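Contents: one structure, followed by commentary.
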Amino acid sequence: MKLAEDPHRRLNPLTREWVLVSPHRTGRPWQGQLEKVAVHREPEYDPTCYLCPGNSRAGGVVNPRYAGTFVFDNDFAALKPSGPHDRLDVESRGLIVAEGEPGLCRVICFSPRHDLTLATMPTKDIENVIRTWSAQFQELGAMPQINHVQIFENRGAMMGASNPHPHCQIWATRSVPDIPAKESLGQADYRRDQKACLLCDYLDLEAKQQTRVICQNQGFVALVPFWAVWPFEVLICSRRHLGAFPEFTADEVIRLAEILQKVTSAYDKVFDVPFPYSMGFHQSPTDGEPHPEWHFHAHFYPPLLRSATVRKFMVGFEMLGMPQRDITAESAAALLQSLCTKQM
Ligand SMILES: [Zn+2]
Ligand SMILES: [Zn+2]
Ligand SMILES: [Zn+2]
């Protein structure tokens with residue numbers, strides 16, 4: 001099988017889902033939707049932004065004049081901390097089933113500056129953001145009803161981010177959501193069968209092949225995973241086998257800040273626009289059990305495909321069968337790798 005030419009499917013060992021790769025189609029003409037390019041320079045402070053220091057939010061709460069990061073409970077939280085968590089199962093047939101889901105939603109502003117992003121913030125400030133993520137993970141994870149803490153960032157209007165002010169969200173839930181639950185199972189089964197860690201072993205293989213690694217430092221490796229679904233999808237893994245932010249050394253905080261800045265800056269160079277994406281960290285569940293199978297990582301899922309205006313859609317066969325991509329993970333990695341090196 002020629003991975004660069006023949007249609008094939010690739011396995012994601014974390015979720016055990018497949019992705020169809022059709023490299024022969026990359027020359028296909030595009031006549032679909034064009035997204036508007038919105039390159040607009042943001043001001044350092046925007047009086048209408050509900051995240052800027054000193055401004056008021058929905059409901060009249062006024063933000064403090066914060067100087068570093070700023071954390072608050074989401075005014076439009078999707079979850080509530082208390083409430084019933086009983087189970088409904090009509091006639092016990094497992095067909096009409098519901099469970100209460102207590103949880104918390106928080107917002108973290110990365111910086112008082114409205115115009116910065118992870119790509120343009122000084123790495124010292126990103127280190128501060130990482131320490132805030134760690135403290136939040138610890139605080140929320142320690143709550144007895146919270147078994148999973150999901151930290152994620154939506155960047156860009158294309159990803160539904162309603163505000164350009166650099167910020168992320170945390171949704172902490174009683175249940176472990178489907179994707180981390182699948183990855184937990186994938187990692188636990190691998191550990192049981194191979195007596196090793198899935199992502200530690202995967203990093204070993206990637207280090208040997210060197211075809212999908214885009215940049216690395218003493219603490220972390222960023223690569224386009226073999227099973228990437230999104231055109232420029234990136235996985236960042238810690239080199240050390242660890243499960244969550246609170247296990248980081250001081251040096252790992254610095255190294256993660258560096259690699260986050262590197263990857264997001266490379267993204268902004270792909271089509272010369274601020275690159276939209278959803279990103280987030282997958283960390284061990286906070287259910288009080290030891291999770292030796294878990295290996296800390298971050299996923300970046302950017303939607304752009306061919307230009308600043310042409311995005312990938314997940315429709316048709318992808319909604320009904322499995323995801324599909326044309327450009328291979330290897331060619332996306334080659335491009336991102338060249339952009340990572342360029343900035344040095
Ligand atoms: Zn703002
Ligand atoms: Zn590991
Ligand atoms: Zn994951």
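All values derive from a computational prediction rather than experimental measurement. Note that ligands are numbered from 1 as they come in the structure, with each ligand's atoms numbered from 1 the same way.
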Minimum side-chain heavy-atom gap E153-Q169 below 4.5 Å: no
SB check E318 K312 (cutoff 4.0 Å): yes
Atoms of type N/O/S from protein, distance to the Zn ion (ligand 2) below 2.8 Å: 4
Donor-acceptor pair, side chain of N74 and main chain of L79, under 3.5 angstrom: no
Residues which pass side-chain hydrogen bond (donor to acceptor under 3.5 Å, both in side chains) with N154, listed by chain and number, not counting sequence neighbours: S278
Under-2.8 Å protein N/O/S neighbours of the Zn ion (ligand 3), ordered by chain then residue number: E183 OE1, E183 OE2, H282 ND1, H297 NE2, H299 NE2
Within the 6.0 Å centroid threshold, strictly below: F70 and F72: yes
Output field: ring centroids F281/F296 closer than 6.0 Å: yes
Geometric cation-pi criterion R9 and W18, 6.0 Å radius, 45° cone: yes
H297 ring center near H295 ring center (under 6.0 Å): no
Heteroatoms of the protein, restricted to N/O/S, which lie under 2.8 Å from the Zn ion (ligand 1): C49 SG, C52 SG, H114 ND1, H165 ND1
Near-ring test F300/Y277, centroid separation under 6.0 angstrom: yes
Within 45° cone of Y190 ring axis and under 6.0 Å: R192 NZ or CZ: no
Any H114 side-chain heavy atom under 4.5 Å of N163 side chain: yes
Linked, directly or transitively: V129 and F248 (ILVMFWY side chains, under 4.5 Å): yes
